[in-house]
Chemist: 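Supplied in structure tokens, the structure appears directly below.
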Amino acid sequence: MCASYKFVHKTCACFTICLMLFMHNSVWALDALDGRLQLHGFIAQGMVNTSGNNFLGKSKDDISYDFREIGVNASYRAMPQLLFSAQLMSHRAGESDDGEPDLDYAFVDWTAFSGNWGRVGTRIGRIKNAYGLYNTTRDVPFARPGILLPQSIYFERTRKLSLASDGINFYADHLSELGTFSAEVSLGYPVIDKASETAILGKVRGDFHTDLTQLYQLKYESPSAEYVFAATVVNMGVSYDPATVDVLKAGSFLFDPVVLSAQYNAEKWSLTGEYAFRSSRLRGFGAFPDVAQDGESYYLQGTYRVTPKLEMLMRYDVAYSNRDDRNGSEYASRTGRPDFTQYSKDWTLGLRYDVTSEFMVRAEYHNIEGTSILPTLDNPAGPASYEKRWDMWMLLGSYRF
Amino acid sequence: MKIWQIGLLIQIAAFLLPSSTVAETVLATAGIENSQVVAITSAAYDPGDVSRNTLRAIFLMRYAKWDDGMPVKVYVFSDTDPKHEMFTKEILRFLPRQLRQAWDRQVFSGLGQYPEQVLSVQDMLKKVKTTPGSVGYLSMQEVTKDVRILQIRP
């Protein structure tokens, strides 16, 4: 019924390459209708090598090339207050994501009121989730501070679930001498995939569907964007539809994170920190008692621009699956599984070089203790095969238009 | 000298001298240098003066129309053009890197579009002149009669 993903993937890649070859060499790519219609995109290829554990493909003691991102987007400004936008994305990330092209976002943005004071509007369609500072462009290689986003907050293994929701969003910006205050309220159904489903309960017989989810974000930017502060609150639910013969009942996974973000920007350097309190519950599954667990994550990141083309990154990123059991010892004695699967501590060092304004290369080194961030699908042998201390070397090249 | 005499002198100068020199003369009295970069708009449409906040919102592509509904079309030079850096830092009082990141984030999450990039001073003058309601920037000495300097409300 559907074309094999390899064919569609190759077609998507060919199309993007052809577009790039015929493009005039400028960042503005395709502009039509007086610039009201714009077409842009990017292609990125990464290489991963890990010392223990697989991340983004078979990277353990090997090099995985299963890390590829291709995106093409179009936007049309029909009127000053009406914008249509859509983006197709192909994200290949080891076993978690096969690279089949997906609709990343597609929505209508209507600015109902605007003036010197700011603006108020609404968006309808598939909209990126404004979670933390970086989620809306997490798959865009040059919009991220490193090759990977801090995994403690922007998990790779539940990536799909966090990306976008189908629904409606209301936004308001207020401009003043003190800075810009923004608020966003989103109501929608997050998009879910197999990798995210597996991350919830492992292999199950039935299916999951997402419930109506709310996302709230408040943001403050000082007038020169030196300071940025944000607070994000999400109420998300994923419900289980048991198979005809199933040991599990129709339970739910509820995830209610709160993310606090802060950033300071100077001319040559930036300091960013985010903290997430991740409250999650599994209830009504019948086969096991209801579980409530509060996870905690945070990272501190600094970037420094050595030259206009060369930027350095340093980051310390920590995730605890259960803030009441930070070293995982209680989990280990209860389940017999390794304690280090319950946390991750990651020291990252990275470099970014902008060869041209279109072409960027990045190198990154991660030194990690703990495996709570590992994508389970890349490591089918399970926790018994995991290594407590491991590191990652990564390279990435990206081209944009 | 009386005010009307200054005014008359300026009118005669405007008639006799090339327009750039007039601009220099007038603005020198207001303490603005030749090499300074200024925001410009089409002479065909007068949006009045703008606050720095509004000008920032315009270049951040978050201010899509003037109060009467006329669209705001934004023209910029490339990021590596010294005029771009000077305009962003001195007039917008914003970091050029932050401006670029804001554009990238908006475009790749569907929330906005890029401004149009012009290739030369002639290109900027022509595009701003023929697009009422548009906004761009040039250095003082490049400003001609076809475009109006967009004043920033103090």
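All chains are named by letter (A, B, ...) in the order of the sequence lines, taking the proteins before the strands, and each is independently numbered beginning at 1. In this text, all values refer to a predicted model and were calculated from it rather than measured experimentally. Values below: all heavy atoms of this structure, side chains included; hydrogens, waters and symmetry mates excluded.
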Chemist: For residues 123-136 of chain B, pull every pair meeting salt bridge (charged side-chain N to carboxylate O under 4.0 Å, His left out), keeping only residues two or more places apart or in separate chains.
Modeler: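 Sorted result for residues 123-136 of chain B: B/E116-B/K127, B/D123-B/K127.
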
Chemist: Near A/M79 CE, under 6.0 Å, is it more than 12 heavy atoms from other residues, nucleotides or ligands?
Modeler: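 Count over threshold, so yes.
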
Chemist: Just so I know, are the side chains of B/L95 and A/N265 near enough to count as touching, which here means a heavy-atom distance under 4.5 Å?
Modeler: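 The answer is yes, as the side chains (C-beta and beyond) meet within the 4.5 Å cut-off.
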
Chemist: Identify which part of B/R56 has an atom lying under 4.5 Å from any heavy atom of chain A, answering side chain, backbone, both or neither.
Modeler: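 Only the side chain of B/R56 comes within 4.5 Å of chain A.
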
Chemist: Between atom CG of B/D104 and atom CZ of A/R144, what is the distance when rounded to the nearest 0.5 Å?
Modeler: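 Here the rounded value is 13.0 Å.
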
Chemist: If you count heavy-atom pairs under 4.5 Å with chain A, which of B/K89, B/M70, B/Q98 comes out on top?
Modeler: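 Result: the option with the highest number of such pairs is B/Q98.
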
Chemist: Is a side-chain donor or acceptor of B/S109 paired with a backbone partner of A/T137 at a separation under 3.5 angstrom?
Modeler: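 Between the backbone of A/T137 and the side chain of B/S109 there is no qualifying donor-acceptor contact (under 3.5 Å).
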
Chemist: Using non-hydrogen atoms and a limit below 4.5 Å, what part of residues 40-55 of chain B faces chain A?
Modeler: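 Within residues 40-55 of chain B, the residues that come under 4.5 Å of chain A (heavy atoms only) are B/N53, B/T54.
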
Chemist: Counting only heavy atoms closer than 4.5 Å, note whether B/Y63 contacts chain A via side chain, backbone, both or neither.
Modeler: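 Side chain only.
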
Chemist: Between B/L111 and chain A, with a heavy-atom cut-off of 4.5 Å, which part of the residue counts as in contact: side chain, backbone, both or neither?
Modeler: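 Looking at B/L111, backbone and side chain both touch chain A.
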
Chemist: How about A/K309: does its NZ atom have over 12 heavy atoms from other parts shown lying under 6.0 Å from it?
Modeler: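 For A/K309, atom NZ is crowded (more than 12 foreign heavy atoms under 6.0 Å).
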
Chemist: Please evaluate residues A/E267 and B/R97 with respect to the criterion salt bridge (charged side-chain N to carboxylate O under 4.0 Å, His left out), reporting the C-alpha separation (whole Å), side-chain torsions for both, the decisive distance (0.1 Å), and the verdict.
Modeler: CA-CA 8 Å; A/E267 176 150 8; B/R97 191 171 51 108; over 6 Å; no

Chemist: Hey, can you pull the donor-acceptor pairs under 3.5 Å for the side chains in residues 81-89 of chain A, sequence neighbours left out?
Modeler:
from  : atom 1 : to     : atom 2 : distance (Å)
A/S85 : OG     : B/G110 : O      : 2.7
A/Q87 : OE1    : A/N73  : ND2    : 2.8
A/Q87 : NE2    : A/D104 : OD2    : 3.0

Chemist: With sequence neighbours left out, write down each residue that passes side-chain contact (heavy atoms from CB on, under 4.5 Å) with A/V361, or none if nothing qualifies.
Modeler: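 In terms of side-chain contact (heavy atoms from CB on, under 4.5 Å), with neighbours along the sequence ignored, A/V361 is linked to A/Y353, A/V355, A/F359.
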
Chemist: Just wondering, do B/R93 and A/P223 contact through their side chains at under 4.5 Å, heavy atoms?
Modeler: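 No, side chains not in contact.
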
Chemist: May I ask you to check whether over 12 heavy atoms, not counting those of A/Y264, lie within 6.0 Å of atom OH?
Modeler: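 Yes, OH of A/Y264 has more than 12 neighbouring heavy atoms, counting only those of other groups under 6.0 Å.
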
